[in-house]
Protein chains: 2
Amino acid sequence: MAGRIAAVSIVEAVASDLRLRIFSGELPSAHALTETEVATSYEVARPTAKASIEKLVAEGLLVRGVHKTARVADLGPESVRDIYLARAYLESEVLRRLAAARTVPTGAVQANRDIAALATGAPLDVVEPDMRFHTSLIDAVGNERISRMYSSLVAEVRLCMSRVQSLHLLDTALIQAEHQKLLELIEAGRGEEAARLLDQHLGRARERLVAAMGGEAGPEADLPSGLANQ
Amino acid sequence: MAGRIAAVSIVEAVASDLRLRIFSGELPSAHALTETEVATSYEVARPTAKASIEKLVAEGLLVRGVHKTARVADLGPESVRDIYLARAYLESEVLRRLAAARTVPTGAVQANRDIAALATGAPLDVVEPDMRFHTSLIDAVGNERISRMYSSLVAEVRLCMSRVQSLHLLDTALIQAEHQKLLELIEAGRGEEAARLLDQHLGRARERLVAAMGGEAGPEADLPSGLANQ
DNA sequence: ACATGTGTACTTGTTAGACAATCGATGAGT
DNA sequence: ACTCATCGATTGTCTAACAAGTACACATGT
């Protein structure tokens, strides 16, 4: 079904294609991914397919227990809140830091220009440049570990996005405007305000996502609750 | 050489034992870990050994390029700064959050009691309860992803610690006192002060670690620089 | 009819052995 | 002494196979 790919590593190539198929929605939530199934469809050996699957399990895109077949992760509203809270933790500190150095990453500027350019296109096309915008901010601090953590969160966000077909999910113009404001605040060295705006920005996106997934809205938009009982 | 272990999964068991051997210093930095070598020493098949090694590579404890043998990660001062900065990002937000809810995790209280109890023992014994203290704080927010990220950072910190034999590295009494102060600030709901104290706490530990590794000190202790050029 | 036990098919965990591709180093030639 | 080629070692991947565990359906008993 899926064509063969040639890259640095076979297991990496298979994993990449599976990733795309998951993000595209071709593989729906809770869809079972048998090792032999993957092996035959990509014409690779079962150990290779196994390694690919385990890679995606490590990334959180698939879940599986011992001796059970891997399934596409089915993320609920709680997971979405977890993911967005983690994003906020990392990114708000990053904004403070960038603002302190008055560093405006060119990649983020370009990404937001791209968002503005497709303002008339399909609403779901905004996801890629939006993620690129945020990732550019993170990468600008040059911390390998933080970048890795964030990209793992981005992968989960994209997974969530692919489960939602509501076209009214995203207000492209608003997103673009808030991104612009964030960049301006960074340039002006106003880190605290940038961090606060980011919290609202992410909180809004989170609640829209939760709503589109059928979950009920959280208590407040900009400061999510949910502290574990000790 | 290493005895066999029986657990849920063989590759997990092998990975765990390798982890311990790395943390204990038995496997020094840049030590090569051949797949066949691991396979024969644990009496497992090579694919199993391979999987264990790849697991540790994913955790950052081992490094390896394509077609090259895995080696124990050799973390330099830059890595230490990256790790501690990432810790600060996560943990400072966690402290603000815990303080807002005035939630003092019992696990952290117990961990700090343990530190106080062994105030007369070997200085390196403080590492385990110290990590437990910080991990308890993180886990208290109940965010699975943040906990996972943090534990990955803790693993790297422990790797660094095992490379350092300087016994004057840690001032147990000071650590214990600062932990106590952190808990009090949380209980009092003074999140900002807690976050600031944490920055100093981690910054001090970081610079001691860097110094013990032979690196030169960073510019300032509580607000590490190192912004990537654009 | 319902609950319970059994059994079979499917899937995963692990192993063995093998071959090609690649990396590192040693040795030969200039 | 320096460059290049050959060789050994190591990894990537495959085929084949067996053991072990899970899940579902079937049959049985109450």
Side-chain angles (χ1 to χ4, degrees), chain A residues 1-19 21-22 26-74, chain B residues 1-19 21-22 26-74:
Chain A
M1 173 192 259
R4 64 183 326 132
I5 323 130
V8 284
S9 161
I10 294 186
V11 345
E12 179 52 43
V14 172
S16 289
D17 195 63
L18 283 177
R19 225 189 318 260
R21 289 170 65 191
I22 293 173
E26 179 187 339
L27 302 175
S29 275
H31 178 84
L33 267 176
T34 302
E35 293 185 357
T36 57
E37 186 182 307
V38 173
T40 58
S41 73
Y42 286 95
E43 295 177 20
V44 298
R46 191 163 72 92
T48 305
K50 182 188 185 67
S52 303
I53 290 175
E54 274 165 359
K55 203 169 175 56
L56 295 182
V57 168
E59 291 177 22
L61 266 44
L62 300 179
V63 293
R64 114 154 120 177
V66 282
H67 273 293
K68 295 179 69 175
T69 123
R71 293 180 171 281
V72 177
D74 188 12
Chain B
M1 173 192 259
R4 65 184 322 131
I5 321 133
V8 285
S9 161
I10 295 186
V11 351
E12 180 51 45
V14 172
S16 289
D17 195 62
L18 283 177
R19 226 188 319 259
R21 289 170 65 190
I22 292 172
E26 179 187 337
L27 302 175
S29 273
H31 178 85
L33 267 177
T34 302
E35 292 185 359
T36 57
E37 184 182 308
V38 172
T40 57
S41 73
Y42 285 96
E43 295 176 22
V44 298
R46 192 162 73 92
T48 306
K50 182 188 186 67
S52 302
I53 288 175
E54 274 165 1
K55 202 168 175 57
L56 296 182
V57 168
E59 291 177 22
L61 266 45
L62 300 179
V63 294
R64 113 154 120 177
V66 281
H67 275 292
K68 295 179 69 175
T69 123
R71 293 182 172 279
V72 176
D74 189 12

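Naming: A, B, ... by sequence-line order, numbering from 1 per chain.
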Q) DNA chain C: A/P47 or A/T69, which has the more 5' nearest nucleotide? A) A/T69
Q: Send over the distance from A/Y42 OH to D/dT13 C1', rounded to a whole Å.
A: 18 Å
Q) Over how many whole Å does the gap from A/E54 atom CD to C/dT11 atom C1' extend? A) 14 Å
Q: Decide yes or no, distance alone: a donor-acceptor N/O pair under 3.5 angstrom between the base of D/dT13 and the side-chain of A/R46.
A: no
Q) Would A/Y42 and A/D17 satisfy side chain to side chain contact (heavy atoms under 4.5 Å, CB included), going step by step from the backbone distance to the final call? A) CA-CA 10 Å; A/Y42 286 95; A/D17 195 63; 2.5 Å; yes
Q) A/R71 CZ to C/dT12 P: how many Å, rounded? A) 10 Å
Q. Can you tell which of D/dT13, C/dT15, C/dT22 lies closest to the side chain of B/I10?
A. C/dT15
Q | Salt bridge present between A/E12 and A/K55 (N-O < 4.0 angstrom) | A | yes
(Q) Of the listed nucleotides (D/dC14, C/dT12, C/dT14), which one gets closest to any side-chain atom of A/T48? (A) D/dC14
Q | Separation of atom CD in A/E35 from atom P in C/dT12, rounded to whole Å | A | 4 Å
Q | Toward the 5' end of DNA chain D, by each residue's nearest nucleotide, B/K68 or A/A45 | A | B/K68
Q: Take the protein atom CZ of A/R64 and the nucleotide atom P of D/dA23, then report the distance between them rounded to whole Å.
A: 14 Å
